[in-house]
**Q** 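Structure incoming, see below.
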Protein chains: 2
Amino acid sequence: MNIGEIARRAGVSRSTVSYALSGKRAVSDETRRRVQAVIDELDYRPNAAARALKEGRTRTLGLVIPPASLRLTDMQLDFVASVVEAAARADLDVLLSPSGGDHDRSFERVVSGRRVDGVILMEIRLEDERVTRLQQTGVPFVTIGHTANPDGTCWVDVDYATLIARCVHHLADLGHRRIALVNRSAELVASGYGPAQRALSGFTEAIAQRGLTGVDLCCADDATAGAACLAQLRDEHPDITAIVTINEAALPGIQRALEQARVAVPEDLSITGVLARHWAEDFRPPLTAADVPTEMGTYAVDLLIERIATPEAPPRHLLFTPAISLRASTGPTPRR
Amino acid sequence: MNIGEIARRAGVSRSTVSYALSGKRAVSDETRRRVQAVIDELDYRPNAAARALKEGRTRTLGLVIPPASLRLTDMQLDFVASVVEAAARADLDVLLSPSGGDHDRSFERVVSGRRVDGVILMEIRLEDERVTRLQQTGVPFVTIGHTANPDGTCWVDVDYATLIARCVHHLADLGHRRIALVNRSAELVASGYGPAQRALSGFTEAIAQRGLTGVDLCCADDATAGAACLAQLRDEHPDITAIVTINEAALPGIQRALEQARVAVPEDLSITGVLARHWAEDFRPPLTAADVPTEMGTYAVDLLIERIATPEAPPRHLLFTPAISLRASTGPTPRR
DNA sequence: ATGTTCTGTCGAACCGATTCGGCGAACCGA
DNA sequence: TCGGTTCGCCGAATCGGTTCGACAGAACAT
């Protein structure tokens, strides 16, 4: 079922079939109808590889995801889903490549085998060799999160520093003087993971600015660690009256530990942070939090499409600073 | 940087470069070294589209996922991750296609544009038109979950019926007489979603076999619905002493409702079911449950690779029936 | 009647790989 | 010394599309 077969059956040349399909040159209505009839009958669709070879583009986007060993957070999952959805809307396919572990063959295939027109890179480190590699090969790319020197690249990101600072200010306005930051895991922080580092810097700055007392701790990304983290906090810093967090996976554990210790939210302890909306809403009581927009992936795809079209244009960035949604988990300092 | 450029610089013909790379014909060591040197210098990699066109295969697998609107469960996520990982090990790439919503253009591109060598289809309905479509086009495919008439197709699946029955028997052995099944959402059951339906049939059968009293309810896939479901259960069927479930997303809500109502597990109520291991382990107390294997995706990929190699071979199936892991959430019937 | 423009179609080149048939040189045994 | 193999390489065809130049015929202006 190639284009030649269609041409023969319709009694025209191969180029005419091509033009009838693409509309790039005029074709008489009569001919177009005849061609279309044959196409419908045989359920013909042009071979993607042949088209890609001739056109020099694949109509495919590469999405580099963290390896399966690191389990994806809900936010990352939302991101992948919205990327795929947005690409589908633009009639683009998405090729997945696990990377960051030892699957570098996959990454190499995707970036230098010209399998894709552009790449979206998630889980960026502040110093990331994959970015360097992409710049070398000249493949258009957009990162989710940004590196230490972000001016030369395209990216979308959440402004963790500002958002965490806003959370601190919100708590300070309510009268809180001693606040804890529950960050992501120690390994992530150590490896230069942007969100974790920027959350910390936003936290320390805001704490200093308001003259408060701040405690920051790392917490692995699971419920058990969350429970342990809350226990440790109440043990070592019993005077803390509010918590700020970006660690979604720890929330169920925190919830459990709170109930076990009979700590009432927000009467005894206020909780807020930067979280995917559904995590905030699933907590009891629902968490006052900056909701990370789920359409980040959509914006990344738009940016990438734009970059593919005009690679010489100066790189653009999108930094999201969503407003804090007031729910029920923050309140005035408890009286003792 | 095409193969002609390499040939010119190495002073050989294009075919020699190709043979040096593939090893399909003898090439002298001297020539091979010279070619390799040029390739390394220019960082050359063959154009994937050209190769796919000539070879008639793309070295790419298609993975059809549910659309983003339905949020993926953790089990599905594990599955996607393990598919991508297994494909990468076999030097295959994975093309994502959201389908089941209204993005059928994407599905059509993937299956009939010869963009992939084979397809993995997840979230199968008992009657699924996508399966019919794939059979029409003759693209090799493997489904995760199976349709009403499963003999003609390749699939991997979890034997929900048997596993849920085993859970019931386990509880019956402990003395429980009145057991509830917390199923997935009513819509899923209504739409003919296999796991939900087979869980139900396994449940009813085992209940009848042991002469027990069974209650089955549907529960939306989120924490709030989980809490509501447990409340309803304790309200309408206060004599229930054990719960069996396959609804992971409802667990945090169930946990919360239990703690609020001061119901002790397993002293007042036993809980078990078929769940991804990490959900079972994150519960307090850890749930006795049949752990759904995380490597399902690996098996699906293996099966698909096999099917691509020998499409005429009779279709194979893999039905998983993992043993129940005894943890701490089931115990003898409470004395009143 | 003649020259010009416009329409619709065709043929051929091309994208970048793989692969088959063939060919010269080296090597073998008789 | 000569016929037959083997080895290593080359040239050309091929996969299935897209696109450019050419061209016949109709429409139109002069």
Side-chain angles (χ1 to χ4, degrees), chain A residues 1-39 42-60 91 93 108-109 112-117 137 139, chain B residues 1-39 42-60 91 93 108-109 112-117 137 139:
Chain A
M1 335 278 133
N2 56 16
I3 201 172
E5 177 74 15
I6 306 296
R8 195 160 347 105
R9 300 218 191 191
V12 296
S13 75
R14 302 190 313 153
S15 50
T16 301
V17 175
S18 180
Y19 287 126
L21 234 33
S22 69
K24 294 193 178 174
R25 276 198 190 176
V27 170
S28 73
D29 278 359
E30 158 63 13
T31 311
R32 192 198 320 284
R33 257 194 300 277
R34 223 171 45 241
V35 169
Q36 192 58 53
V38 178
I39 287 177
L42 298 191
D43 192 27
Y44 162 81
R45 235 163 298 264
N47 181 306
R51 172 180 289 187
L53 175 57
K54 177 59 186 171
E55 286 191 331
R57 63 192 188 122
T58 57
R59 298 165 189 268
T60 303
D91 277 329
D93 290 315
E108 281 301 321
R109 268 204 310 278
S112 67
R114 275 149 298 179
R115 291 188 69 94
V116 298
D117 297 336
T137 59
V139 179
Chain B
M1 333 280 133
N2 57 17
I3 200 174
E5 178 73 15
I6 306 297
R8 197 160 344 106
R9 299 218 191 192
V12 296
S13 76
R14 301 189 315 156
S15 50
T16 301
V17 174
S18 180
Y19 287 126
L21 235 33
S22 69
K24 294 193 179 174
R25 277 200 191 175
V27 170
S28 73
D29 278 0
E30 158 62 15
T31 311
R32 193 197 318 283
R33 258 194 300 276
R34 223 170 45 239
V35 169
Q36 193 58 51
V38 178
I39 287 177
L42 298 192
D43 193 26
Y44 162 80
R45 236 162 299 263
N47 180 306
R51 172 181 292 189
L53 174 57
K54 175 60 185 168
E55 287 191 331
R57 64 193 189 119
T58 56
R59 299 164 189 270
T60 303
D91 277 330
D93 290 315
E108 281 300 322
R109 266 203 313 275
S112 68
R114 276 150 298 178
R115 291 187 69 91
V116 298
D117 298 334
T137 59
V139 179

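Proteins get letters first, then strands, A, B, ... in listed order; numbering begins at 1 in each. Given the structure is predicted, the values throughout are model-derived calculations rather than measurements.
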**Q** Would you please name every residue forming a salt bridge (Lys or Arg N to Asp or Glu O under 4.0 Å) with A/R59, sequence neighbours left out?
**A** A/E55

**Q** Scan for salt bridge (Lys or Arg N to Asp or Glu O under 4.0 Å) pairs involving residues 14-25 of chain B, sequence neighbours excluded, and state none if there are none.
**A** none

**Q** Figure out the NZ/P separation between A/K24 and C/dC10, and round it to whole Å.
**A** 19 Å

**Q** Check side chain to side chain donor-acceptor pair (under 3.5 Å) between A/D91 and all other residues, then give those that pass, not counting sequence neighbours.
**A** B/R105, B/R109

**Q** Side chains of B/V38 and B/V17: closer than 4.5 Å at any heavy-atom pair?
**A** no

**Q** Suppose we screen for side chain to side chain donor-acceptor pair (under 3.5 Å). Which residues come up paired with A/R34, at least two apart in sequence or across chains?
**A** A/E30

**Q** Rounded to whole angstrom units, what separation is found between the CZ atom of A/R115 and the P atom of C/dC15?
**A** 22 Å

**Q** Starting at atom CG of B/N2, determine the distance to atom C1' of C/dC15, rounded to an integer number of angstrom.
**A** 9 Å

**Q** So, using salt bridge (Lys or Arg N to Asp or Glu O under 4.0 Å) as the criterion, who are the partners of A/R8 when residues are at least two apart?
**A** A/E5

**Q** Among residues at least two apart in sequence or on other chains, which ones pass side chain to side chain donor-acceptor pair (under 3.5 Å) with A/Q36?
**A** A/D40

**Q** Could you run down the sub-3.5 Å N/O contacts of the protein with nucleotides 6-9 of chain C?
**A**
residue: C/dT9; atom: OP1; partner: A/S28; partner atom: OG; Å: 3.1
residue: C/dT9; atom: OP1; partner: A/T31; partner atom: OG1; Å: 2.3
residue: C/dT9; atom: OP2; partner: A/S28; partner atom: N; Å: 2.9
residue: C/dT9; atom: OP2; partner: A/T31; partner atom: OG1; Å: 3.4
residue: C/dT9; atom: O4; partner: A/R25; partner atom: NH1; Å: 2.9

**Q** Quick one: list whatever passes side-chain contact (heavy atoms from CB on, under 4.5 Å) with B/T60, sequence neighbours left out.
**A** A/L95, A/R115, B/T58, B/D93, B/L95, B/V116

**Q** Just how far is it from atom CZ of B/R45 to atom CD1 of B/I3, taken to the nearest 0.5 Å?
**A** 14.0 Å

**Q** Report the distance from atom CZ of B/R14 to atom P of C/dG16, rounded to the nearest whole Å.
**A** 10 Å

**Q** Bend across the helix from C/dA1-D/dT30 to C/dC27-D/dG4, to 10°, with axes taken over 5 pairs at each end?
**A** 60°

**Q** Could you identify which residues of residues 47-54 of chain A place a heavy atom less than 4.0 Å from some atom of DNA chain C, listed by residue number, or say none?
**A** A/L53, A/K54

**Q** Got a sec, which residues hit side chain to side chain donor-acceptor pair (under 3.5 Å) with B/N2, two or more places apart in sequence or on another chain?
**A** none

**Q** Where does the chain A footprint on DNA chain D start and end, counting 5' to 3' with a 4.0 Å heavy-atom cut-off?
**A** D/dG16 to D/dA22

